[in-house]
**Q** 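This structure is in structure tokens; I'll ask about it shortly.
FYI, the numbering just counts along the sequence from 1. Bear in mind that the values here come from a model prediction, so they are computed numbers and not experimental data.
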Amino acid sequence: MASADTRYPILVDTDTLIAVANSSLWTQITKHVGLTTTNVCRQELKRHVENTRETAPEGSRPYRLHYGSRTALDALEDDETPLTQVTSVPRPHGADAGEESLRQEVVQNPEAIDYVILMDAAGRRSIRRAVDDQAEDIRVVTPPFLFYILYDNDIISRREFCEACGELLEREGWTGYNAVKAAWEGIPIDCSDILDDHLLP
């Protein structure tokens, strides 16, 4: 993990870390994109590792939670990886604690954030309200946006971007109409020649 004083301008939640840690582009993300999460999200990752088995059937939700969480925790503990955490005070509790910790960070340190990345629609709405209240220019987007950052910086090709988005949506089960529409929001790339229609907005 980078120095405790380091804050990268991309704030991510637990589900985003798990989703991208399970992706084929995780190595590129941890090499080229600086991410910040919260101590609450880190605790959620630890809980997923403790509450799931390594022997879960490959591809199952418990398997995905276990290995994605462990991969993200390994990166948090690696001094060479640009992934750091900030401490939420007061510490939120409950089912939405991770998302609430991101909202608190937006309220308390808006100048340090350019993007907040999470998939949960209610969480995004709550954080957008906080951004509007702060009158800040912070974009609240979904996990595929991390792949777009790689593409936009010429680190991956359009095909790699499209395929990674399709894989992520399928693997995470984010294939309902509203989830797919949200996943592509703010991403100006046409993947219709590469992906099936049910994975496109």
**Q** Can you tell if the side chain of Phe147 reaches within under 4.5 Å of the side chain of Ser23, non-hydrogen atoms only?
**A**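 SC-SC contact between Phe147 and Ser23 confirmed.
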
**Q** Do other residues, nucleotides or ligands put more than 12 heavy atoms under 6.0 Å from the CG atom of Asp132?
**A** yes

**Q** Any idea which heavy atoms bring Thr81 and Ala75 closest together, and the distance?
**A**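 Minimum heavy-atom separation between Thr81 and Ala75: CB-O, 3.5 Å.
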
**Q** Going by heavy atoms in the side chains, are Leu102 and Ile127 under 4.5 Å from each other?
**A**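 Leu102 reaches Ile127 side chain to side chain.
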
**Q** Work out which heavy atom in Ala179 is nearest to a heavy atom in Met119; give both atom names and the distance.
**A**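 Closest heavy-atom pair between Ala179 and Met119: O-CE, 3.4 Å.
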
**Q** According to the interplanar angle, ranging from 0 to 90°, do the rings of Phe161 and Trp184 count as parallel (below 30°), tilted (30 to 60°) or perpendicular (above 60°)?
**A** perpendicular

**Q** What about Trp26 and Leu73, same hydrophobic cluster or not, with Ile/Leu/Val/Met/Phe/Trp/Tyr joined at side-chain heavy-atom distances under 4.5 Å?
**A**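 Yes, one cluster joins them.
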
**Q** Can you pull the disulfide bond (SG atoms under 2.5 Å apart) pairs that have at least one residue in residues 66-101, sequence neighbours excluded?
**A**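 Every pair satisfying disulfide bond (SG atoms under 2.5 Å apart) with a residue in residues 66-101: there are none.
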
**Q** Trp174 and Thr142: side-chain contact (heavy atoms from CB on, under 4.5 Å), yes or no, with the steps?
**A** CA-CA 11 Å; Trp174 295 336; Thr142 59; over 6 Å; no

**Q** For residues 52-62, please give each side-chain donor-acceptor pair under 3.5 Å, one per line with the distance, not counting sequence neighbours.
**A**
residue: Thr52; atom: OG1; partner: His48; partner atom: O; Å: 2.5
residue: Thr52; atom: OG1; partner: His66; partner atom: ND1; Å: 3.1
residue: Ser60; atom: OG; partner: Pro57; partner atom: O; Å: 2.6
residue: Ser60; atom: OG; partner: Tyr63; partner atom: N; Å: 3.3

**Q** Does CG in Asp137 sit with more than 12 non-hydrogen atoms of other residues, nucleotides or ligands closer than 6.0 Å?
**A** no

**Q** Using the salt bridge (Lys or Arg N to Asp or Glu O under 4.0 Å) criterion, which residues pair with Glu167? Sequence neighbours excluded.
**A**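 For Glu167 there are no salt bridge (Lys or Arg N to Asp or Glu O under 4.0 Å) partners, ignoring immediate neighbours.
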
**Q** Give, for atom OG1 of Thr87 and atom CD of Gln85, the distance between the pair rounded to the nearest 0.5 Å.
**A** 5.5 Å

**Q** Between Glu50 and Arg47, does any NZ, NE, NH1 or NH2 come within less than 4.0 Å of an OD or OE carboxylate oxygen?
**A**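 Glu50 and Arg47: not salt-bridged.
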
**Q** Tell me every residue that passes ring pair (Phe, Tyr, Trp, His ring centres under 6.0 Å) with Phe145, counting only those two or more places apart in sequence or in another chain.
**A**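 Here the qualifying residues are Tyr115, Tyr148.
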
**Q** Hey, could you give me the CG/OG1 distance between Leu76 and Thr30, rounded to the nearest 0.5 Å?
**A**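 Nearest 0.5 Å value for the CG-OG1 distance: 11.5 Å.
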
**Q** Which pair of heavy atoms, one from Leu195 and one from Gly166, lies closest together, and at what distance?
**A** CD2-CA, 3.9 Å

**Q** For Val33, check side chain to side chain contact (heavy atoms under 4.5 Å, CB included) against everything at least two apart and list the hits.
**A** Ile10, Ile29, Leu35, Leu146, Ile149, Leu150

**Q** Do Ser101 and Gln104 get their side chains close enough for a donor-acceptor pair, meaning under 3.5 Å?
**A**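 Result is no, nothing qualifies.
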
**Q** Could you tell me the separation between the CG atom of Asp196 and the CG atom of Leu169, rounded to the nearest 0.5 Å?
**A** 11.5 Å

**Q** Determine whether Ile138 and Val106 satisfy the following criterion, side-chain contact (heavy atoms from CB on, under 4.5 Å), listing intermediate values before the conclusion.
**A** CA-CA 9 Å; Ile138 298 171; Val106 165; 4.2 Å; yes

**Q** To the nearest 0.5 Å, tell me how far Lys181 NZ sits from Leu200 CG.
**A** 14.5 Å

**Q** Please report the shortest heavy-atom distance between Val180 and His198, naming the atom on each side.
**A**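 The answer is CG2-O, 3.6 Å.
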
**Q** What residue pairs, at least two apart or across chains, pass disulfide bond (SG atoms under 2.5 Å apart) with a residue in residues 92-146?
**A** none

**Q** Enumerate the disulfide bond (SG atoms under 2.5 Å apart) contacts for residues 91-130, please, sequence neighbours excluded, ordered by first and then second residue.
**A**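 Every candidate disulfide bond (SG atoms under 2.5 Å apart) pair involving residues 91-130 fails, so no pair, neighbours aside, qualifies.
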
**Q** To the closest 0.5 Å, what do you measure between OG (Ser88) and CD (Glu100)?
**A**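 The OG atom of Ser88 sits 8.5 Å away from the CD atom of Glu100.
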
**Q** If hydrophobic clusters are built from ILVMFWY residues whose side chains come within less than 4.5 Å, do Val140 and Leu17 share one?
**A** no

**Q** Decide whether Leu199 and Leu25 are clustered together by the hydrophobic rule: side chain heavy atoms of Ile, Leu, Val, Met, Phe, Trp, Tyr closer than 4.5 Å, transitively.
**A** yes

**Q** Could you see if Tyr8 belongs to whatever hydrophobic cluster contains Val116? Use Ile, Leu, Val, Met, Phe, Trp, Tyr and a side-chain cutoff under 4.5 Å.
**A**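 As far as the 4.5 Å side-chain criterion goes, Val116 and Tyr8 are not connected within one cluster.
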
**Q** Check Val40 against Gly98 and note the closest heavy-atom contact, atom names and distance.
**A**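 Looks like CG1-N, 3.8 Å.
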
**Q** Decide, yes or no, whether a salt bridge links Arg103 with Asp133 under the criterion of side-chain N to carboxylate O below 4.0 Å.
**A** no

**Q** Can any side-chain N or O of Asp13 pair as donor or acceptor with the backbone N or O of Thr16 at less than 3.5 Å?
**A** yes

**Q** According to disulfide bond (SG atoms under 2.5 Å apart), does anything in residues 98-182 pair up with another residue at least two apart or in another chain? List the pairs.
**A**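 Residue pairs with at least one partner in residues 98-182: Cys162-Cys191.
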
**Q** Check step by step if side-chain contact (heavy atoms from CB on, under 4.5 Å) holds for Arg42 and Glu77.
**A** CA-CA 11 Å; Arg42 183 182 194 152; Glu77 286 156 15; 3.2 Å; yes

**Q** So, taking the atom named OG1 in Thr37 and the one named CG in Leu11, what distance separates them when rounded to the nearest 0.5 Å?
**A** 6.5 Å

**Q** Please identify each residue that fulfils salt bridge (Lys or Arg N to Asp or Glu O under 4.0 Å) with Arg159, with sequence neighbours left out.
**A** Glu163

**Q** Answer with yes or no whether the hydrophobic clustering places Ile18 together with Val20; edges join I, L, V, M, F, W, Y residues whose side-chain heavy atoms lie under 4.5 Å apart.
**A** yes

**Q** Under the salt bridge (Lys or Arg N to Asp or Glu O under 4.0 Å) rule, collect the residues that match up with Arg64, sequence neighbours excluded.
**A** Glu172

**Q** With sequence neighbours left out, which residue pairs that include part of residues 110-123 fulfil the salt bridge (charged side-chain N to carboxylate O under 4.0 Å, His left out) condition?
**A**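 Sorted result for residues 110-123: empty, none.
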
**Q** With a 4.5 Å cut-off on side-chain heavy atoms, are Gln43 and Arg91 touching?
**A**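 Side chain of Arg91 against side chain of Gln43, heavy atoms only: contact under 4.5 Å found.
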
**Q** Quick one: closest heavy-atom pair of Ile155 and Gln28, and the distance?
**A**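 What the structure gives for the nearest pair is CG2-OE1, 3.7 Å.
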
**Q** Under the salt bridge (Lys or Arg N to Asp or Glu O under 4.0 Å) rule, collect the residues that match up with Arg128, sequence neighbours excluded.
**A** Glu185

**Q** The test is side-chain hydrogen bond (donor to acceptor under 3.5 Å, both in side chains); show your working for Asp74 and Thr71 and say whether it passes.
**A** CA-CA 5 Å; Asp74 288 346; Thr71 300; 5.6 Å; no

**Q** Start with the C-alpha distance between Glu44 and Ser69, add both sets of side-chain angles, then the distance that settles side-chain contact (heavy atoms from CB on, under 4.5 Å), and finish with yes or no.
**A** CA-CA 9 Å; Glu44 289 179 345; Ser69 296; over 6 Å; no

